[in-house]
Protein chains: 2
Amino acid sequence: MSTKENILNVAQDLIQRRGVNGMSYQDLADAVGIRKASVHHHFASKSDMVAALLQRFNAQFDQAVAQIANGSASGRTRLKRYLDLFVNILEGSKLDKVCVCGVLMAEIASLDEQGIQHVRDFLHSNVQQVCKMIDAGIEDGSLAPNQTVAATADLVLATLEGGLLMARCDGGRKRMKTINDRLLGLLSSG
Amino acid sequence: MSTKENILNVAQDLIQRRGVNGMSYQDLADAVGIRKASVHHHFASKSDMVAALLQRFNAQFDQAVAQIANGSASGRTRLKRYLDLFVNILEGSKLDKVCVCGVLMAEIASLDEQGIQHVRDFLHSNVQQVCKMIDAGIEDGSLAPNQTVAATADLVLATLEGGLLMARCDGGRKRMKTINDRLLGLLSSG
DNA sequence: GTCTATATAGAGATAGAC
DNA sequence: GTCTATCTCTATATAGAC
């Protein structure tokens with residue numbers, strides 16, 4: 001793995017645990033095993049680094065979500081798998097991880113326009129994909145029909161982002177699963 | 001208003017907009033119109049200040065919530081009023097505010113044990129009160145019966161905290177209202 | 001691509017005068 | 001209770017040698 005990728009991996013982990021403002025070039029250098037100046041060689045400024053990280057994260061996450069959204073399972077099953085994506089961000093560690101974009105939404109004032117746009121892209125892309133899953137679920141009868149699919153998708157994403165923060169703070173993976181089960185129950189048919 | 005209260009007011013505003021790590025004693029001093037050393041006179045350390053702020057915030061919020069939860073309106077109406085409490089955190093300004101505890105959940109790694117406990121207290125207290133509203137709604141028939149009231153209350157809080165972050169990032173108050181309407185619709189009877 | 005060294009700025013915090 | 005002055009540490013960032 002290249003040093004550049006290595007830096008991004010460490011940066012993502014630290015951001016998910018501590019936030020952008022809680023992570024420094026020194027932290028990155030220490031974790032990767034190089035010097036601060038070497039980190040600057042790969043990413044001239046911190047906002048450059050955050051932008052590169054978000055671009056990569058969005059691409060990776062989009063791919064995982066697309067695989068679920070375009071699957072052949074029922075809409076409900078696809079949605080369940082999507083919810084599990086977020087549960088699996090929590091590893092059960094002491095200072096656990098949450099969604100990258102969840103953290104950055106809370107620190108949005110520290111981002112430049114490019115960073116903010118990446119976070120907005122994450123939201124937009126995810127809402128769109130969740131809409132597709134819900135549409136499929138209504139079509140195949142596994143999810144309850146409703147005239148507000150976009151609002152429902154927004155609700156799903158809000159619950160996931162907020163649920164992760166809550167679960168990390170108190171209750172862990174178990175609490176996150178409980179919230180997701182309840183959400184899926186409310187959206188299911190029958 | 002005392003200088004101490006003044007500092008807390010400014011601190012709360014800044015934390016809601018920028019986060020704890022995005023706010024400094026210098027920012028507070030500038031906004032209040034005193035010097036950094038004077039801020040330290042009132043709150044020796046930053047974590048002292050955050051603890052005092054959270055204690056005050058929880059007490060104020062608890063009171064507002066209790067007034068709603070103990071009201072005579074239907075459970076559904078009480079829940080609606082509770083959701084509106086969160087909508088009203090957003091003022092429609094450029095860099096808008098979100099829930100204090102929503103921000104701190106994202107920055108939980110920067111808090112000491114006392115601060116973390118205050119955030120947990122916020123969650124616990126709010127979940128409890130939402131449970132009361134849901135119970136009342138089931139009793140009076142305005143909300144749909146379910147065997148998982150605690151999980152539903154968790155879902156409500158997760159949606160509110162995540163919804164605020166999303167709405168501030170993109171869509172504003174309108175988006176927050178849409179999410180809350182959808183949530184209330186899913187929980188309502190009939 | 002990595003290093004040492006340094007510049008510059010800001011952070012949280014303290015001492016002591018008024 | 002507020003001030004000036006200062007301490008110490010850490011932050012982002014750059015210059016230039018290897």
Please tell me which of the listed nucleotides, D:dA13, C:dT14, C:dG1, lies nearest to the side chain of A:His42?
C:dG1
Any donor-acceptor pair under 3.5 Å linking the side-chain atoms of B:Asn180 with those of B:Lys80?
no
What is the separation between atom CZ on A:Arg35 and atom C1' on D:dC18, rounded to the nearest whole Å?
15 Å
Atom NE2 of B:His41 and atom C1' of D:dT4 are separated, to the nearest Å, by 16 Å
Out of curiosity, B:Leu28 CG to B:Ile15 CD1, how far, rounded to the nearest 0.5 Å?
8.0 Å
Atom CG of B:Asn21 to atom C1' of D:dA11: distance rounded to whole Å?
13 Å
For A:Ile34 and D:dC18, give me the distance from atom CD1 to atom P, rounded to whole Å.
21 Å
In whole angstrom, what separates B:Gln26's CD from C:dG12's P?
9 Å
With a non-hydrogen cut-off below 4.0 angstrom, is B:Met23 in contact with a base, only sugar-phosphate, or nothing?
sugar-phosphate
Expressed as a whole number of angstroms, how long is the span from A:Lys36:NZ to C:dA5:C1'?
11 Å
Give a yes-or-no answer on whether the side chains of B:Arg56 and B:Asn9 include a donor-acceptor pair shorter than 3.5 Å.
yes
Nearest to the B:Ser38 side chain among C:dA13, D:dA13, D:dC3, which nucleotide is it?
D:dC3
With a 3.5 Å distance limit and no angle check, can you tell me whether A:Thr148 reaches the backbone of A:Ala151 through a side-chain donor-acceptor pair?
no
Taking the side chain of B:Ser24 as its heavy atoms from C-beta onward, which of D:dC3, D:dG1, C:dA11 lies nearest to it?
C:dA11
Taking only side-chain nitrogens and oxygens of B:Thr3, does any of them come within less than 4.0 Å of OP1 or OP2 of D:dG1?
no
Find the distance A:Asp48:CG to D:dT12:P and express it as a whole number of Å.
13 Å
Just how far, in rounded Å, is C1' of D:dC9 from OH of A:Tyr25?
20 Å
